[in-house]
Amino acid sequence: MPEWLLWLVSIAIILIAGRAVLPVMMRMLSEHGITDTNYKQSVIPTACGLLLWLLFCTTMVIARMTSGLGGAAVLATLHYNGSIVAEYGAALSIVALVGFLDDAVGVKSYKGFAGHWRHWREKGVIGTGMVKAVGGSAAALLIAFSDSLQDGRTMWERLIPFLIVVLMTNAINLLDTRPGRALKGFWGAVSVLLLIAVEGVEKAEIAWLMLPVLIGAALLLLPDLKGRLMLGDTGANLLGFALGSWIVMLADMAFQTAVLGLLVVLHAVTWRFSLTKLIARSRVLTWLDAIGRGRPDKI
């Protein structure tokens with residue numbers, strides 16, 4: 001099968017699967033009480049970012065089932081360097097699992113690391129937020145210390161990718177406080193990344209890993225903008241983790257260092273100030289934030 005046809009068929013299968021699964025998954029989450037109240041006080045299904053992980057699994061099934069097709073260079077690279085697929089897939093699954101755990105049974109009144117630390121001090125119970133932080137850090141270690149991606153680098157050069165993945169995972173979560181905001185930030189960052197992707201990287205292989213998340217993010221964008229669902233920590237963390245991993249895979253060290261600096265600044269600012277209020281002070285950011293959901297509400 002020609003490579004272009006394999007790409008086309010794979011995209012079509014993943015897209016059809018995503019469109020079919022999304023409404024069923026939303027109903028399932030609602031029926032099982034995995035819901036949350038949004039900023040307009042509407043109760044809607046959360047953890048809908050689970051779709052991203054389901055589509056990733058679908059993609060890996062397609063890769064396995066079609067691995068014997070002739071002329072499939074993309075699949076050949078996946079099977080040739082299987083360690084990348086295994087490490088990325090395992091890490092992505094860890095992030096999806098701990099995010100879904102937090103969405104399903106987490107205590108909503110405790111937010112952020114400080115909140116979960118207070119919960120542990122007050123109740124003597126390790127909250128799902130702590131589990132999520134540990135799981136996310138372990139997943140980031142799998143990417144940052146992968147020999148297939150970071151071979152020959154010093155400990156410092158491995159620490160930078162680790163911090164990027166950890167902070168990017170949380171950064172997209174910080175954006176997920178209004179419909180569509182996290183996905184807009186994700187798509188904006190992906191656009192920049194694709195423009196600066198370095199030469200010498202197995203782009204076909206990385207693109208195959210990116211494909212299900214990109215398709216899932218596209219399918220989730222409109223219902224998220226319209227306030228019909230929430231990504232939840234399942235989706236926001238998975239988007240951030242995937243984006244951070246792609247930066248580590250596709251960008252050079254100079255760009256990674258610049259991204260790390262921006263992430264540190266973002267976290268320092270949002271530690272003290274409300275991101276929503278900061279956006280409201282800028283006409284440009286307010287306009288971008290409101291695209292797709294009408295005029296922004298007054299703060």
Side-chain angles (χ1 to χ4, degrees), residues 14 17-59 89-113 115-116 119 126-136 138-139 168-187 212-245 293:
I14 298 168
R19 288 180 64 92
V21 168
L22 181 57
V24 176
M25 186 186 68
M26 289 174 63
R27 287 196 297 272
M28 180 198 73
L29 293 170
S30 295
E31 288 295 324
H32 288 277
I34 304 178
T35 57
D36 204 351
T37 304
N38 65 9
Y39 79 111
K40 288 186 174 180
Q41 303 306 306
S42 299
V43 178
I44 55 178
T46 188
C48 291
L50 185 64
L51 178 71
L52 305 169
W53 180 77
L54 294 174
L55 293 184
F56 175 78
C57 293
T58 301
T59 304
L92 201 72
S93 297
I94 291 171
V95 173
L97 174 63
V98 296
F100 186 76
L101 178 67
D102 197 33
D103 287 330
V105 299
V107 179
K108 307 300 182 183
S109 57
Y110 293 92
K111 300 289 185 180
F113 181 81
H116 291 296
H119 182 217
I126 296 176
T128 54
M130 285 289 190
V131 175
K132 184 177 64 175
V134 172
M168 187 63 78
T169 300
N170 193 57
I172 298 298
N173 204 18
L174 289 174
L175 293 176
D176 194 31
T177 55
R178 290 292 185 272
R181 183 181 290 173
L183 282 165
K184 288 177 188 176
F186 169 80
W187 280 110
V213 177
L214 293 177
I215 292 176
L219 290 172
L220 289 167
L221 181 58
L222 185 59
D224 187 25
L225 281 168
K226 299 304 180 183
R228 296 198 291 266
L229 58 77
M230 284 186 183
L231 299 176
D233 284 347
T234 310
N237 288 348
L238 197 150
L239 285 173
F241 176 83
L243 177 58
S245 299
R293 65 170 189 261

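Quick caveat, the model's predicted, so the values are computed rather than measured.
Contact check for Leu229 versus Leu22: side-chain heavy atoms found under the 4.5 Å cut-off. Residues Cys48 and Leu29 have side chains in contact (heavy-atom distance under 4.5 Å, counting atoms from C-beta outward). The shortest side-chain heavy-atom distance between Asp102 and Val131 does not fall under the 4.5 Å cut-off. Proximity of Thr37 to Val43: side-chain heavy atoms (C-beta onward) are separated by under 4.5 Å at one or more points. Inter-residue side-chain proximity for Leu225 and Lys184 is flagged as met; some heavy-atom pair is nearer than 4.5 Å.
Summarising the geometry of Pro212 relative to Thr59, their closest heavy-atom pair is CB-OG1, 3.2 Å, with the distance given to 0.1 Å. Between Ala182 and Leu231, the shortest heavy-atom distance links the atoms CB-CD1, 4.1 Å. When all heavy atoms of Ala47 and Thr234 are compared, the pair lying nearest together is CB-OG1, 3.6 Å. The minimum heavy-atom distance between Leu175 and Arg181, with the atom names listed, is O-CD, 3.0 Å.
Val134 meets the side-chain contact (heavy atoms from CB on, under 4.5 Å) test with no other residue; sequence neighbours excluded. Applying the side-chain contact (heavy atoms from CB on, under 4.5 Å) test to Ala91 and every residue at least two apart in sequence or in another chain returns Ala139, Leu142, Ile143, Phe241. For Phe186, the ring-ring contact (aromatic ring centres under 6.0 Å, His included) partners two or more places apart in sequence, or in a different chain, are Trp246. Residues passing the side-chain contact (heavy atoms from CB on, under 4.5 Å) test with Asn170, sequence neighbours excluded: Asn173, Leu174, His267.
Among pairs with a residue in residues 229-239, those fulfilling salt bridge (charged side-chain N to carboxylate O under 4.0 Å, His left out) read Lys132-Asp233, at least two apart in sequence or across chains.
In this structure, CD1 on Ile14 lies 15.0 Å from CZ on Arg19, to the nearest 0.5 angstrom. Taking CG of Asp103 as the start and CG of Asn237 as the end, the distance is 8.0 Å to the nearest 0.5 Å. From Ile172, atom CD1 reaches atom CG of Leu183 across 8.5 Å, with rounding to the nearest 0.5 Å. The CE atom of Met26 lies 11.5 Å from the CE atom of Met230; values are rounded to the nearest 0.5 Å.
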Do Leu92 and Leu238 pass the side-chain contact (heavy atoms from CB on, under 4.5 Å) test, and can you show the C-alpha distance, the side-chain angles, and the key distance before you say yes or no? CA-CA 7 Å; Leu92 201 72; Leu238 197 150; 3.9 Å; yes
Cut-off 3.5 Å, no hydrogens considered: what does the side-chain donor-acceptor table look like for residues 50-58, sequence neighbours left out?
| from | atom 1 | to | atom 2 | distance (Å) |
| --- | --- | --- | --- | --- |
| Trp53 | NE1 | Ser93 | OG | 3.0 |
| Thr58 | OG1 | Leu54 | O | 2.9 |

